[in-house]
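Data block below; observations after.
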2 protein chains.
Amino acid sequence: MAARALDWTDATCPVARTLDLVGDRWSLLVIRDAMDGARSFTEFQRRTGIARNILTDRLGKLTAHGLLAQRTAASGRRQEYVLTDAGRDLFPVILTLRQWGERHAFAPGEPHSTLVDQHGIQVPEIALTGADGTPLNTDTTHVRKTA
Amino acid sequence: MAARALDWTDATCPVARTLDLVGDRWSLLVIRDAMDGARSFTEFQRRTGIARNILTDRLGKLTAHGLLAQRTAASGRRQEYVLTDAGRDLFPVILTLRQWGERHAFAPGEPHSTLVDQHGIQVPEIALTGADGTPLNTDTTHVRKTA
DNA sequence: CCGATTAGTAGCAAATTGCAACCAATTTGA
DNA sequence: TCAAATTGGTTGCAATTTGCTACTAATCGG
């Protein structure tokens, strides 16, 4: 695996750096499936439908960038891919992508998978609020460069 | 612009549908810049560094999918691209991508842009909590198919 | 009216992706 | 216990996507 020699699309922007790492057609779907229990090459391939050589590449890159790790499976001698802390920390990204899709990419009544908590209760729509309780959105925030 | 004939990567998963719409190398950076005030073709090109023909394609697709709209600029007769409600609603996605990047894609002390509110105060890290106050993460949630 | 800027298009080369076949090692099951 | 199936890839090639460098037509500013 090529050592990390990333030259960032936009080195000062955290959004751009994150997208350099996971902003392709497949990486976030691999992360999604890892969050939902996928561990093996074949299982990732089956769930995503990704081409096998591309999957090889993505698993390698995600591992090289510290989002996945390879370890020996408990039951025997096979290897498996598991999320690292950094990989698990993408949960808010996956959740917000999910909730946007539910709101804007499905017709009313069209069926789709949902995210539920331990009790099987559907996860509520998250509302972003700032320290003072005001909602966070494009009107109430802006980017300050290179703080 | 080809009429909408999307065949989804995974039609039942809202995450996958969202990524089908914005999960390429550039779309979310265009959205990011639109949120931060970019309106014109040239301005998007300058901020992202995207190739001009690809930018043409992405602006067209985002417009076709209802994330951007073209309207006549206030000051004259030129056209400009503005976010629709659906486009603005990607704010939580951009914010969570930003915060993940801040946590995992920068060395400690390395400078980067930050998001601030109206008072110039830095937006705090968002913490996802469920209805009962328990934190939402990969351990406390799971996907239920085709609810 | 002239030069600069805007908003693209066109052509082509390079890089990425996807498909299908192949392969070695491991696991399963009769 | 031995054959068949499964796993986890790799390889080669074709198709698609991307990026670069012109080029153009319309507009804007002075």
Side-chain angles (χ1 to χ4, degrees), chain A residues 1-2 5-10 16 19-31 33-34 37-65 67-83, chain B residues 1-2 5-10 16 19-31 33-34 37-65 67-83:
Chain A
M1 196 60 43
L6 281 181
D7 56 320
W8 306 105
T9 299
D10 180 348
L19 291 174
D20 279 339
L21 296 173
V22 298
D24 65 287
R25 170 149 235 66
W26 293 113
S27 290
L28 285 170
L29 290 180
V30 169
I31 299 288
D33 289 335
R39 301 269 119 108
S40 68
F41 184 93
T42 302
E43 186 61 16
F44 284 113
Q45 207 274 322
R46 202 186 57 70
R47 295 204 199 191
T48 58
I50 187 174
R52 303 163 65 77
N53 53 345
I54 307 299
L55 178 58
T56 300
D57 179 77
R58 293 301 183 275
L59 289 172
K61 279 182 179 155
L62 291 172
T63 302
H65 295 140
L67 306 186
L68 291 178
Q70 254 186 317
R71 66 161 195 213
T72 307
S75 58
R77 187 154 150 35
R78 271 202 205 286
Q79 291 292 105
E80 62 181 10
Y81 294 94
V82 291
L83 287 167
Chain B
M1 195 60 45
L6 280 182
D7 56 321
W8 306 105
T9 299
D10 180 349
L19 290 174
D20 278 340
L21 295 174
V22 298
D24 65 288
R25 170 150 234 68
W26 293 113
S27 291
L28 285 171
L29 291 180
V30 170
I31 298 289
D33 289 336
R39 302 269 119 106
S40 68
F41 184 93
T42 302
E43 186 61 17
F44 283 113
Q45 206 274 323
R46 201 186 57 70
R47 295 204 200 191
T48 58
I50 187 175
R52 304 165 67 76
N53 53 345
I54 307 300
L55 178 58
T56 299
D57 180 77
R58 293 301 183 275
L59 289 172
K61 279 182 178 153
L62 290 172
T63 301
H65 294 141
L67 305 186
L68 291 178
Q70 253 185 318
R71 66 162 193 212
T72 307
S75 59
R77 190 156 148 33
R78 269 200 207 289
Q79 290 293 104
E80 63 180 11
Y81 293 95
V82 291
L83 287 167

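Basis for what follows: all heavy atoms, side chains included, without hydrogens, waters or symmetry-related copies. Lettering of chains follows the sequences in order, A, B, ..., and the numbering in each one begins at 1.
Proximity of residues 22-30 of chain B to DNA chain C (heavy atom under 4.0 angstrom from any strand atom) is not detected for any residue.
For Asn53(A) against dG9(D), no side-chain N or O and base N or O form a donor-acceptor pair under 3.5 Å.
Taking the side chain of Arg78(B) as heavy atoms from C-beta on, and the options dC20(D), dG9(D), dT27(D), the nearest nucleotide is dT27(D).
Of the charged side-chain nitrogens involved, none lies within less than 4.0 Å of a carboxylate oxygen, so that Lys61(B) and Asp24(B) do not count as a salt-bridged pair.
Atom CZ in Arg39(A) sits about 13 Å away from atom P in dG8(D), given to the nearest Å. Between the CD1 atom of Ile54(A) and the P atom of dA15(D) there is a distance of 16 Å, rounded to whole Å. Atoms CD1 (Ile50(A)) and C1' (dG9(D)) sit 14 Å apart, rounded to a whole Å. In this structure, CZ of Phe41(B) is placed 17 Å from P of dA25(D), rounded to the nearest angstrom. When the P atom of dG9(D) is taken as reference, atom CG of Asp57(A) falls 12 Å away, rounded to whole Å.
Of all nucleotides in DNA chain C, those with any atom nearer than 4.0 Å to a heavy atom of chain B start and finish, going 5' to 3', at dT6(C) to dG11(C).
Looking at heavy-atom distances under 4.0 Å, Arg46(A) makes no contact with the nucleic acid at all.
Comparing Arg52(B) and Ala51(A) against DNA chain C, the residue whose closest nucleotide sits nearer the 5' end is Arg52(B).
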